[in-house]
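Working notes for the structure below.
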Amino acid sequence: MNQTTMRRPLIAGNWKMNGSVAANALLLDCIRAGASGLAADLVVCVPAPYLAQAQAALSGSAVAWGGQDLSLHESGAFTGEVSGAMLRDFGCHFVIVGHSERRSLHGETDAIVADKARQALACGLTPIVCVGETLEEREAGQTEPVVSRQLRAVLAVLGQQLGKIVIAYEPVWAIGTGKTATPEMAQQVHAHLRALLVGVDSDAGSGVRLLYGGSVKPDNAHDLLEMDGIDGGLIGGASLKVEDFLAIAKSA
Ligand code: PGA
């Protein structure tokens, strides 16, 4: 963690399409109980049908909750979509935008991701914007060009709002695979992203939290999170196990 800046660590859980009312009740209560006194901010991004449950369980606690995606549109004939205003209606402060699963399975382009980040901000939500390269791209030496392209698309639409976003670097090959980037690999990409941010606006850019995601577990969290420039984590599988999620949060 970079001690020279004021960035408070953020540990975000991405439940993906997992959960049930019964399982969530236990998980949310335990996260709430274990969250006080942590040095990191905590947020859980839950499936949309469980937002009311998360709101009821976490209101008044140190834990925030959020969505995993939002519609580009405000309202209307968009069957199946959830708007940013709806997320706000359920007390969300955060929303994941441009997760690699949205990019690869739902055809979200850099331009769509950028528009969703802008829409999130317009609705009063903090977008957690995901960027990251595939294994093929890494092996072709394309990591920095790919994440630069993804981030630049978002920066181009933010205007004065750069300081209001969170970025998560998630190498696609590390998501859900058990393969983690080494702390040094992650740090190198983080330094590159930071340079891009600061190049746009040095004050706002140095305040943006840069998370790492991809198979973060209790046994590797400490080494990743202590790296200069890694300001927290976006946690998938391990966010569904309360003891793992809290252990990761304690490493931050
Ligand atoms: P993982 O997922 O921790 O299960 O690798 C991370 C993510 O997809 O955000």
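Atoms within each ligand, like the ligands themselves, are counted from 1 in listed order. Computed over heavy atoms, backbone and side chain alike; hydrogens, waters and symmetry mates excluded.
The proximity of Ile175 to ligand 1, defined as any non-hydrogen pair under 4.0 Å, involves the side chain as well as the backbone.
Leu72 pairs with exactly one of Glu108, Lys116, Glu81, Arg118 by the side chain to side chain contact (heavy atoms under 4.5 Å, CB included) rule, that one being Lys116.
Near His99, with a cut-off below 4.0 Å to any heavy atom, the atoms of ligand 1 are 7 (C), 8 (O), 9 (O). Close approach to Lys16 involves these atoms of ligand 1, each under 4.0 Å from a residue heavy atom: 2 (O), 7 (C), 8 (O). Residue Gly176 has at least one heavy-atom neighbour below 4.0 Å for each of these atoms of ligand 1: 1 (P), 4 (O), 5 (O). The contact set between ligand 1 and Gly214, taken as ligand atoms under 4.0 Å from a residue heavy atom, comprises 5 (O). Close contacts of ligand 1 with Ala174, meaning ligand atoms under 4.0 Å from a residue heavy atom, involve 5 (O).
Contact check for Ile96 versus Asp69: no side-chain heavy atoms found under the 4.5 Å cut-off. At a threshold of 4.5 Å between non-hydrogen side-chain atoms, the residues Val166 and Leu210 do not count as touching. Thr180 places a side-chain heavy atom less than 4.5 Å from the side chain of Leu224.
Contact detail for Pro183 and Ile230: the closest heavy-atom pair is O-CD1, 4.5 Å.
Using a 4.0 Å cut-off between charged nitrogen and carboxylate oxygen, Arg194 and Asp228 do not count as a salt-bridge pair.
Counting heavy atoms only, Glu170 comes closest to atom 9 (O) of ligand 1 of the residues Glu101, Glu170, Lys179, Lys217.
Remark: minimum distance from atom 3 (O) of ligand 1 to any protein heavy atom is reached at Gly236 N, 2.9 Å. When hydrogens are left out, the protein atom nearest atom 4 (O) of ligand 1 is Gly237 N, 2.8 Å; that is the closest non-hydrogen contact.
Residue Ala238 places no heavy atom under 4.0 Å from ligand 1.
Taking the six-membered ring for Trp and thresholds of 30 and 60 degrees, Phe78 and His73 have nearly parallel ring planes, at less than 30 degrees apart.
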